[in-house]
**Student:** 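Can you read through this structure? Questions will come right after.
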Number of protein chains: 2
Amino acid sequence: MPETEVRAEVGSLQEVLAALSDPVRLEMVRRMHAAGAPAACAVLYDDVSKSTASHHFKILREAGVTQRSVIGGQTHQELRLEDVEAVYPGVLSSILAAPR
Amino acid sequence: MPETEVRAEVGSLQEVLAALSDPVRLEMVRRMHAAGAPAACAVLYDDVSKSTASHHFKILREAGVTQRSVIGGQTHQELRLEDVEAVYPGVLSSILAAPR
DNA sequence: GACCAAGTTCGATGATCATCAAACCGATGT
DNA sequence: ACATCGGTTTGATGATCATCGAACTTGGTC
């Protein structure tokens with residue numbers, strides 16, 4: 001059964017923007033959005049090590065942009081688009097809609 | 001007579017987000033937006049030195065978020081809201097609309 | 001139980017960046 | 001001409017941060 005973690009608050013606008021200002025993290029967020037469902041960590045990045053990826057996941061989670069859920073023992077990352085939109089309407093959705 | 005500088009391209013989304021992810025710069029942008037017109041540099045910040053402020057202005061300009069214009073010999077900074085919106089619709093406006 | 005795959009944490013390294021003071025520059029006013 | 005005010009540039013310093021490898025953990029598999 002999918003086991004989602006305790007709901008955290010969305011961070012400050014500053015935190016959210018800082019989280020999205022790194023190219024590796026923005027790409028991760030784009031892939032999560034494209035997936036539209038909890039995605040296994042490994043499919044969310046290329047070109048960086050596991051430890052670096054884990055570090056970026058943590059920053060995204062702490063900003064409240066994503067959350068972790070465990071599905072069948074595997075860790076997945078999921079975009080919290082609705083939650084972020086509720087606090088900062090339009091911010092994340094417009095970033096996701098922006099041209100590459 | 002107001003003398004605006006050559007129009008620069010708006011930078012990458014990454015550059016724009018990075019420019020806005022610094023608290024000092026976001027505050028500058030908010031004040032420019034509140035002013036709604038070219039604003040003298042000095043009214044756009046507190047708590048940092050002139051040189052630091054000048055550094056932040058440069059980063060905002062290079063990201064294409066602001067431009068410089070000279071009015072009666074005085075340097076002014078002006079938000080390029082329409083230009084940024086044209087390239088990344090909703091991004092800057094939603095950030096400006098976000099709660100403090 | 002031994003093994004393996006997937007993630008996380010730790011510690012260290014290098015790069016980037018925010019910050020300041022001081023020197024510099026351009027325009028205005030005396 | 002000189003002083004002054006507003007802003008920029010330079011150079012340096014300290015902090016933050018992205019990155020990695022290695023060690024550790026947890027869950028599934030044989």
**Student:** For the side chain of B/Ser51, starting at C-beta, report the closest nucleotide among D/dT19, D/dT9, C/dA18.
**Tutor:**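 Closest nucleotide to the B/Ser51 side chain: D/dT9.
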**Student:** Establish whether B/Val87 and A/Val91 are linked, either directly or via other cluster members, by ILVMFWY side-chain heavy-atom contacts under 4.5 Å.
**Tutor:**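 Both belong to a single hydrophobic cluster.
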**Student:** Rounded to whole Å, please give me the gap between CZ in A/Phe57 and P in D/dT19.
**Tutor:**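 It is 13 Å, rounded to the nearest whole Å.
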**Student:** To the nearest Å, give me how far apart NZ (A/Lys58) and C1' (C/dG7) are.
**Tutor:**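 For the pair A/Lys58 NZ and C/dG7 C1', the rounded distance is 13 Å.
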**Student:** With sugar-phosphate meaning primed atoms plus P, OP1 and OP2, does B/Ala42 contact a base, only sugar-phosphate, or nothing at under 4.0 Å between heavy atoms?
**Tutor:**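 Since only primed, P, OP1 and OP2 atoms lie under 4.0 Å of B/Ala42, the category is sugar-phosphate.
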**Student:** Calculate the interatomic distance between B/His56 atom NE2 and D/dT9 atom P; express it in whole Å.
**Tutor:**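 After rounding, the gap between these two atoms is 15 Å.
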**Student:** Under the side-chain hydrogen bond (donor to acceptor under 3.5 Å, both in side chains) rule, what do A/Glu78 and A/Thr66 come out as? Steps first, then yes or no, please.
**Tutor:** CA-CA 5 Å; A/Glu78 184 181 7; A/Thr66 66; over 6 Å; no
**Student:** Using whole Å, report how far OH of A/Tyr45 lies from C1' of D/dA18.
**Tutor:**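 Interatomic distance, OH of A/Tyr45 to C1' of D/dA18: 15 Å.
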**Student:** Closest to the A/Ala40 side chain: C/dG7, D/dT8, C/dT8?
**Tutor:**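 Closest of the options to the side chain of A/Ala40: C/dG7.
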**Student:** If we only count heavy atoms from C-beta on, is the A/Tyr88 to B/Ile95 side-chain gap below 4.5 Å?
**Tutor:**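 No, their side chains stay 4.5 Å or more apart.
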**Student:** State, yes or no, whether a side-chain contact exists between B/Arg68 and B/His76 at a heavy-atom distance under 4.5 Å.
**Tutor:**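 Side-chain contact under 4.5 Å: no.
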**Student:** Specify the residue among B/Arg25 and A/Ala39 whose closest nucleotide of DNA chain C lies further upstream toward the 5′ end.
**Tutor:**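 It is A/Ala39 whose nearest nucleotide is closer to the 5' end.
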**Student:** Given D/dA18, C/dT8, D/dT8, identify the nucleotide with an atom nearest to the side chain of B/Lys50.
**Tutor:**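 Between D/dA18, C/dT8, D/dT8, the one nearest the side chain of B/Lys50 would be D/dT8.
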**Student:** With a 4.0 Å cut-off on heavy atoms, is B/His55 in touch with a base, just the backbone sugar-phosphate, or nothing at all?
**Tutor:**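 Base, at least one base atom sits under 4.0 Å.
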**Student:** Closest approach to the side chain of A/Gln74, judged atom by atom: which nucleotide of D/dT19, C/dA6, D/dT8 is it?
**Tutor:**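 Closest nucleotide among those given: C/dA6.
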**Student:** Taking only the side-chain nitrogens and oxygens of A/Arg68, find out if one of them lies under 4.0 Å from OP1 or OP2 of C/dG7.
**Tutor:**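 Result: no.
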**Student:** Treating A/Arg80 as the side-chain partner and A/Ala8 as the backbone partner, does any N or O pair qualify as donor plus acceptor under 3.5 Å?
**Tutor:**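 Checking the backbone N and O of A/Ala8 against the side chain of A/Arg80, a donor-acceptor pair under 3.5 Å is found.
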**Student:** What is the separation between atom CD on B/Glu27 and atom P on C/dA18, rounded to the nearest whole Å?
**Tutor:**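 To the nearest whole Å, that distance equals 16 Å.
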**Student:** Below 4.0 angstrom from OP1 or OP2 of C/dT19, is there any side-chain N or O of B/Ser49?
**Tutor:**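 It does not, given that no N or O in the side chain of B/Ser49 lies less than 4.0 Å from OP1 or OP2 of C/dT19.
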**Student:** Report the distance from atom CD1 of B/Ile71 to atom C1' of C/dT28, rounded to the nearest whole Å.
**Tutor:**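 Atom-to-atom, B/Ile71 to C/dT28, this comes out as 16 Å.
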**Student:** Of the non-hydrogen atoms in B/Ile59 and B/Arg25, which two are nearest, and what is the gap between them?
**Tutor:**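 It is CD1-NH1, 3.4 Å.
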**Student:** Rounded to whole Å, how long is the line connecting atom CE of B/Met28 with atom C1' of D/dG7?
**Tutor:**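 Rounded to the whole Å, the gap is 12 Å.
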**Student:** With a 4.0 Å cutoff (strictly under), does any side-chain N or O of B/Thr52 reach OP1 or OP2 of C/dC20?
**Tutor:**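 For C/dC20, OP1 or OP2 has a side-chain N or O of B/Thr52 closer than 4.0 Å.
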**Student:** Considering non-hydrogen atoms only, spot the tightest contact between B/Asp22 and B/Val24 and give its length.
**Tutor:**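 Scanning both residues completely, I find the closest heavy atoms to be OD1-N, 2.8 Å.
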**Student:** So if I take residues 15-24 of chain A and measure heavy-atom distances to DNA chain D, which residues fall below 4.0 Å?
**Tutor:**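 The stretch gives A/Asp22, A/Val24 as the residues lying under 4.0 Å from the strand, ordered by number.
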**Student:** Atom NE2 of B/His76 and atom C1' of D/dC5: how far apart are they, to the nearest Å?
**Tutor:**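 Value for this atom pair: 14 Å.
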**Student:** With the side chain counted from C-beta on, respond yes when A/Met32 and A/Leu44 share a heavy-atom pair under 4.5 Å apart, and no when they do not.
**Tutor:**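 With C-beta onward as the side chain, the pair touches.
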**Student:** Does C/dT8 have its OP1 or OP2 closer than 4.0 Å to a side-chain nitrogen or oxygen of A/Ser54?
**Tutor:**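 Checking C/dT8 against A/Ser54, a side-chain N or O does come within under 4.0 Å of OP1 or OP2.
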